[in-house]
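In what follows, a structure is listed as structure tokens, so that the remarks can point back to it.
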Amino acid sequence: MDVLTDDHEREQVVRKWWHENWKPIALGIVIALGGLIGFRQYQAYTLEKSQQQAYALYQMQYKLSVSPKDTQKDAEAYLKEHQDIYGALLALDLAAYESSKEQFEQALNHVDFAVKNGGKLVIPAASLSKARIQTQLKQYDDAVKTLDGVNSDAYAVEKAEIKGDVLLAKGDRNAARDAYREALKLCEDKKVQINPLLAMKLDDVAKAGDRPAFEEAREHNLSLQRAETDGSLAK
């Protein structure tokens, strides 16, 4: 193509190009704006829908906490309509209530519902609850298998501690000791507080020569508190 050196000539070429192409460009802008507006409308609709579902769940959870016996029928109907994360969360509440009443078979059914429908956010917590209920039903090997399926690092400490509970209930004190020790070590590695109850469990199955877990927990927790204080002062 010849090089355009004259300003007027360049202007004429631009005008000609715009005259030939303005329609498809304008159409593209309209389509893009329409898509943007449509996407925002969809976002607003989705947000409103989620808020409505969350509020409906909150109402059901509140009723269940206030009057669980009278709410169970409505809660079951809710689960049939919400085989999703909302139903999964309510199912965990039902399982907790039923476990408190030693209705472990029903509780197990509800945690299975939560595992099936809760997705990645709910499955780890639901699986931990399932392992606890299986332990109450003396399904120790199944409980260990359930725990082995929990791969979320966020639940690693709870997973190890519950495994210790399962193995201790089964009668395997040595394996329980190893699991509790793993839970305590994870707390140290993650730099989180060691629950005094975990230390008590580990001391309960300790062997001769083991350092008392409560001392280890106390030192670790104090070091975390000092680090937090020093960090606050530095700011």
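One finds no salt bridge joining R181 and D210 here, because no Lys/Arg side-chain nitrogen approaches an Asp/Glu carboxylate oxygen to under 4.0 Å. Of the charged side-chain nitrogens involved, none lies within less than 4.0 Å of a carboxylate oxygen, so that D142 and K130 do not count as a salt-bridged pair. In summary, R132 and E158 do not engage in a salt bridge, as defined by a charged side-chain N under 4.0 Å from a carboxylate O. K163 has a carboxylate O that lies under 4.0 Å from a charged side-chain N of D148, or vice versa, which qualifies the two as a salt bridge.
Atom NE2 of H220 and atom CD of Q225 lie 10.0 Å apart (nearest 0.5 Å). One distance of note links OG1 of T146 with CD1 of I162; it measures 11.0 Å at 0.5 Å rounding. Interatomic distance, CD of E105 versus CD of E98, reported as 11.0 Å (0.5 Å rounding). Between atom CZ of residue R173 and atom CG of residue L168 there is a gap of 6.5 Å, rounded to the nearest 0.5 Å. Between the NZ atom of K207 and the CG atom of N174 there is a distance of 4.0 Å, given to the nearest 0.5 Å. With values rounded to the nearest 0.5 angstrom, Q193 atom CD is found 4.0 Å from N221 atom CG.
Smallest separation of non-hydrogen atoms from Q83 and K80: NE2-O, 3.9 Å. Of all heavy-atom pairs spanning A131 and V166, the tightest one is O-CG2, 4.5 Å. In terms of heavy-atom proximity, S99 sits nearest to A107 at OG-CB, 3.5 Å. Nearest approach of A213 to L184, heavy atoms of both residues: CB-CD1, 4.2 Å. Nearest heavy atom pair, residue Y155 against residue A125, reads OH-CB, 3.9 Å. The two atoms that bring G164 and A176 nearest to each other are O-CB, 3.4 Å, heavy atoms only.
Under the 4.5 Å side-chain criterion, counting only non-hydrogen atoms from C-beta, Y86 is not in contact with E81. V144 places none of its side-chain heavy atoms less than 4.5 Å from the side chain of D141. Under the 4.5 Å side-chain criterion, counting only non-hydrogen atoms from C-beta, E188 is in contact with I194. Looking only at side-chain heavy atoms (C-beta outward), H110 and L79 come within less than 4.5 Å of each other. Side-chain contact between N117 and I85 is absent, with no heavy-atom pair separated by less than 4.5 Å. Residues D112 and K116 fail the side-chain proximity criterion, which asks for heavy atoms closer than 4.5 Å.
Follow the hydrophobic side-chain contacts under 4.5 Å out from L128 and you never reach L92; the two are in separate clusters. By the rule that hydrophobic residues join a cluster once side-chain heavy atoms approach within less than 4.5 Å of another member, F113 and V122 end up as members of one cluster. V192 is not connected to V150 by any chain of hydrophobic side-chain contacts under 4.5 Å among Ile, Leu, Val, Met, Phe, Trp and Tyr, and they are in different clusters. Cluster annotation: L89 is connected to I133 through the hydrophobic network of ILVMFWY side chains, with a link wherever side-chain heavy atoms come within less than 4.5 Å. Hydrophobic clustering places L57 together with V111 (ILVMFWY residues linked when any side-chain heavy atoms are closer than 4.5 Å, directly or through intermediates).
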Derivation and outcome, side-chain contact (heavy atoms from CB on, under 4.5 Å), residues Q134 and F104: CA-CA 8 Å; Q134 288 172 319; F104 298 117; over 6 Å; no

Using the side-chain contact (heavy atoms from CB on, under 4.5 Å) rule, take Q106 and K101 through it: C-alpha gap first, then chi angles, then the decisive distance, then the call. CA-CA 10 Å; Q106 296 94 311; K101 298 297 182 181; over 6 Å; no

Report the C-alpha separation of E182 and D178 in whole Å, then their side-chain angles, then the decisive distance to 0.1 Å, and conclude whether the side-chain contact (heavy atoms from CB on, under 4.5 Å) test is met. CA-CA 6 Å; E182 180 185 359; D178 293 340; over 6 Å; no

Derivation of the side-chain contact (heavy atoms from CB on, under 4.5 Å) call for Y180 and D165: CA-CA 8 Å; Y180 290 142; D165 295 342; 2.6 Å; yes

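The aromatic rings of Y78 and H82 sit parallel to each other, their planes meeting at less than 30°, with 60° as the upper class boundary.
Looking only at distances, no side-chain donor or acceptor of D74 sits under 3.5 Å from a matching main-chain atom of M60. For the pair S67 (side chain) and K63 (backbone), a donor-acceptor distance under 3.5 Å is absent.
Few gaps surround NZ on K190; more than 12 heavy atoms of other groups in view lie less than 6.0 Å from it.
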